[in-house]
Amino acid sequence: MSDQVIIFDTTMRDGEQSPGASMTLEEKLELARLLEDMKVDVIEAGFPIASQGDFDAVQAVARIIKDSTICGLSRAGPKDIERCFEAIRPAPRRRIHTFISTSPIHMKHKLRMEPDAVLEAIHASVSLARNLTDDVEWSAEDATRTERDFLARAVEAAIRAGATTINLPDTVGYSFPDEYAAMFADVIVRVPGADKVIFSAHCHNDLGLAVANSLAALKGGARQIECAVNGLGERAGNAALEEIVMALRVRGDGMPFTTGIDSTRLTQASKMVSRITGFPVQYNKAIVGKNAFAHESGIHQDGMLKHAQTYEIMTPEDVGQGGTNLVMGKHSGRNAFRDKLVQLGYELSDNAFQDAFTRFKDLADRKKHVYDDDIVALVDDAAAHVDDTIKVVRLRIVAGTEGPQTAEIDLDLDGTPAWTTQRGNGPVDAIFNAISTLVPHTAVLDLYQVHAVTEGTDAQAEVSVRLTENGRTVAGRAADADTLVASAKAYVAALNRLRAKRQRGADAQAG
Ligand code: KIV
Ligand code: ZN
């Protein structure tokens, strides 16, 4: 059995199913390019039957990605599978991933199907998918709560029908590592033909065991791991891609497996996913958290100065955390800025470069030291707002101990200027009231969060806002040296996304 582990990224499918984590087509393309550069083997780009938007995004990704396999998810019905194939068709390497539940609780209450009917559906769905493409993955949803005999019969049916990858997900994040490993080992010895297919792990993190379970699956015989950047995914999320990759790399002694992933892109991928979704990365997050390589206590710092390996099992450079370098100030020129962007992994068009340079100069005028993280926040912020049709033009705040706090704001609404002054219980409340007056909506604010991009009182503030309206959740994020301006821009960014989502919903109904 090979010791090469296939990394299957589901950030754009399972990750996007996380409430509020939806991504636009352009964002999916941007992420797909980075995943391909990072050498991800399989990119699950979406669930094409779910909506026209999902279909278009999968198809667009399939058109531009050449090296990674592009995968689409589908249920067991023929319409799902055919639609999925249409979406992935342009990709040179393409995979249909079809699934059906096999646990008693899912079959009885969700599918309302008898076990024999499920076996027939497996045969029919995998056969149809195999007629369309050679690379077919079949998943036994809720495998870890499935009776073992039935699971073995279901896997056998899928292999007989032509599945090339068999995924046994811990859909509800219920398993322990030893149980999960044993399930793979057992199914692999029992099922005829199991040695001809790749087994795959797909773990949810409800008990915080997704990464441990995924690694255990390798010991049981799996050779593909399904994971997501920053552990994004349904509920508590999926196994974190960066943790899987680095665990295998650092502990090759205990787990002799390799992946093809370029680990130096992990931090960039984490930041990109965080920026796109508006989900902040927790400071102490393994591998990509801001504090993952920070040493605070005197004893640790002393050890680090004497020998880095006293407290570091990998280096920040291994995962692309270059640290916060002092880079430039207001005297830095265009060429130095261009070099810095290249070093940070950005390739901007002339217009985008000009815009970024103007914003950099503006920031350098207001902030003494400009760090790498400032530049990343600035460029990502510009990219995130290019399609916005509502824009913040001007903001004035009256705040302090003597209320009322007041926000006076000018917005550009599809090219038409709009202005108002509103009060609030504090300046942020006043800003949000003012914006809601000019852009009426019924969304509820689920999250308002501020974090400093770098240290110091002049640090840029990065603000995340999450809104929900009629079951639609959207996130907005913005960075600015002024926390209140960043708050206004983040709120407006979320409203732009809400508008786009409402529009997509209306288009889907009309179509
Ligand atoms: O968690 C799960 O079971 C899934 C399947 C669709 C693979 O996401
Ligand atoms: Zn899942």
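Note that ligands are numbered from 1 as they come in the structure, with each ligand's atoms numbered from 1 the same way.
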- [ ] Determine, for F99 and R75, whether the Lys NZ or Arg CZ falls below 6.0 Å from the six-membered ring centre while staying within 45 degrees of the axis.
- [x] no
TODO: Establish, yes or no, whether the cationic atom of R223 lies under 6.0 Å from the six-membered ring centre of F257 and within 45° of the ring axis.
DONE: no
Open item on the list: Report the atom name of the nearest N/O/S atom of H202 relative to the Zn ion (ligand 2).
Closed with: NE2
Task: Name, closest N/O/S atom of D14 to the Zn ion (ligand 2) - done: OD2
Task: D135 bridged to R93 by N-O distance under 4.0 Å - done: no
Open item on the list: Please determine whether a side-chain nitrogen of the Lys or Arg among R190 and D149 lies less than 4.0 Å from a carboxylate oxygen of the Asp or Glu.
Closed with: yes
TODO: Show the protein residues that qualify under the rule heavy atom under 4.0 Å from an atom of ligand 1, listing them in chain and number order.
DONE: R13, D14, H97, F99, S139, E141, N167, P169, T171, H202, H204
Task: Test item: Q59 and P90 side chains (from C-beta on) under 4.5 Å apart, heavy atoms - done: yes
- [ ] Just say parallel, tilted or perpendicular for the rings of Y491 and F432, cut-offs at 30° and 60°.
- [x] parallel
Task: Ring centers of F176, Y180 separated by less than 6.0 Å - done: no
